Amino acid sequence: MEQLIIQSGHKNDHISPLFRSDGEDITIGRAFTNHIVLSDQYVAGHQARIFSQPSEADQQSWFIEVLDDTNSVLLNGTPIKKQITPLHSKDRLVLGRTSLSVFSSDHQVEPTKILQRRNLHQDSFGWLMPMFIMSMVALLSASSEYALVQPLESWVDFTKETLLGAAVILIWASIWAVIGRIFRHQSHFGQQLQYTSLVMLGILIIDPFAYILEFNSNSLLLGYAISYTVAFVGLAVLLNYNLSFATNIHRTQLMATLISGVLIGVYGANHAYNADEFSPNPVYSQILTPPATKFAGDSTPDAYLQSLSGMVDEFDNHLPKSP
């Protein structure tokens, strides 16, 4: 290989520095007199020298000479001592804790990968639509909680829940935007905010079915199972989008599924561990009537219990009085 190219770092995760040589010697070490200076305390001041020699085919062949063997230099995982060793394209050197990859100028790079999401290449887009979607999702979340589960809640608490829902979505998107700025040099805040809001919207649409099945089956266990399943799937989908925009991880779906499973599993285990083993008070469903089936004449729990009390009193009045 006529020209030698040395790449430092992991090419898949970072922008890697490159060093090119057309035949000149290359010295590597911590000393500033080297061509490649490594800030690695496990690397000697003058660790290695890479040089070229003409081969039989009148082409340049490259070799490495270890100058200091205090710590072994690894060539493709095999230690090399103070000896001259030939180098080939795609060889991997490890000096101390630093990895270097060696390539020839005619090395074939991997085929261009197609972006799975067309807006990954955008730095970010306008905030107006994501903020609108976030506001609507937060309002819908508080409204569904108010209408289906806590009908006696005051409007002050309702407003607080709306603002809290919006704050949670905003903080989650901001955290992933910061991670994206660190690892991909792009925040994608607008995308993070929009997809977080849309996933939350999907969860809000599906979650009431857990209440419906809980009511119809008269089983709290079934309600818990559906709620945990919805939370697991929703979190996995959300993390998949977050990781795609913020990191260079290739298998984002697998990673998102594993993280979601661990988080939901830990939460469920903690909930089961802290649950009272025995309670003298009966456990009731969160709802008195099926959600999403509010008809005229429906009443609050207090009104319902008051009507039952009135029916009991009326029944007592019709009973024959004892002499």
Side-chain angles (χ1 to χ4, degrees), residues 1-55 59-115 120-121 123 176-188 243-252 254-255:
M1 45 185 174
E2 296 293 336
Q3 187 181 63
L4 184 74
I5 301 170
I6 299 179
Q7 185 178 47
S8 174
H10 301 282
K11 61 178 181 178
N12 291 329
D13 300 329
H14 304 283
I15 299 176
S16 303
L18 297 176
F19 184 87
R20 299 174 182 270
S21 175
D22 291 319
E24 305 86 357
D25 289 1
I26 305 171
T27 57
I28 306 173
R30 278 192 297 122
F32 294 112
T33 55
N34 292 288
H35 298 93
I36 300 179
V37 179
L38 302 179
S39 57
D40 185 338
Q41 60 181 342
Y42 300 98
V43 174
H46 298 278
Q47 181 71 68
R49 178 176 73 98
I50 296 177
F51 59 95
S52 65
Q53 289 182 349
S55 63
Q59 293 183 351
Q60 294 291 100
S61 295
W62 291 89
F63 301 86
I64 181 172
E65 179 184 8
V66 177
L67 304 177
D68 189 312
D69 60 355
T70 303
N71 291 317
S72 298
V73 175
L74 304 182
L75 174 61
N76 299 325
T78 303
I80 54 176
K81 302 296 183 180
K82 281 190 174 182
Q83 58 188 11
I84 297 176
T85 306
L87 288 177
H88 304 89
S89 183
K90 297 193 294 185
D91 279 349
R92 184 170 178 266
L93 295 169
V94 178
L95 298 85
R97 292 185 175 179
T98 304
S99 297
L100 299 176
S101 298
V102 179
F103 299 98
S104 63
S105 58
D106 57 354
H107 173 72
Q108 297 295 321
V109 298
E110 298 177 357
T112 304
K113 294 183 178 180
I114 300 176
L115 286 172
L120 268 177
H121 67 281
D123 183 19
W176 283 102
V178 172
I179 295 174
R181 176 62 66 181
I182 294 174
F183 289 99
R184 297 191 72 240
H185 308 289
Q186 292 178 309
S187 65
H188 286 123
L243 291 170
S244 298
F245 284 113
T247 68
N248 292 307
I249 297 176
H250 296 303
R251 298 181 178 179
T252 56
L254 176 61
M255 183 64 66

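The basis for the numbers below is simple: all heavy atoms, side chains too, and nothing from hydrogens, waters or symmetry mates. Just so you know, these numbers come straight off a predicted model, no measurement behind them.
Put simply, the side chain of E24 does not reach to within 4.5 Å of the side chain of S52, judged on heavy atoms.
Nearest heavy-atom pair across N71 and Q47 is O-NE2, 4.0 Å. The shortest non-hydrogen separation linking N34 to G45 is ND2-O, 2.8 Å. Closest approach of L95 to A48, counting heavy atoms only: CD2-CB, 4.3 Å. Summarising the geometry of S101 relative to F103, their closest heavy-atom pair is CB-CE1, 3.4 Å, with the distance given to 0.1 Å. Residues V94 and S99 approach most closely at CG2-OG, 4.1 Å, considering heavy atoms.
Rounded to the nearest 0.5 angstrom, L4 CG and S104 OG are separated by 8.5 Å. Separating the CD1 atom in I80 from the CD1 atom in I64 is a distance of 4.5 Å, to the nearest 0.5 Å. Here CZ of F19 is found 5.5 Å from CD1 of I36. Values are rounded to the nearest 0.5 Å. Distance NE2/H188 to CD1/I179: 14.0 Å, rounded to 0.5 Å. T33 contributes atom OG1, which lies 4.0 Å from atom NE2 of H46 (distance to the nearest 0.5 angstrom). The CG atom of L75 sits 9.5 Å away from atom NE2 of H88, with the distance rounded to the nearest 0.5 Å.
R30 places a side-chain N or O within donor-acceptor distance of the main-chain N or O of V43, the cut-off being under 3.5 Å. In this structure a side-chain-to-backbone donor-acceptor pair under 3.5 Å is missing from D91 to V102. Proximity of a side-chain donor or acceptor of D40 to a complementary backbone N or O of G96 within less than 3.5 Å is not detected. T252 places no side-chain N or O within 3.5 Å of a backbone atom of L243 that could act as its donor or acceptor partner. Between the side chain of T27 and the main chain of H35, a donor-acceptor pair closer than 3.5 Å is present. Checking side-chain atoms of D68 against main-chain N and O of A44 turns up no donor-acceptor pair under 3.5 Å.
Atom CD of Q83 has more than 12 neighbouring heavy atoms from other residues, nucleotides or ligands inside a 6.0 Å radius.
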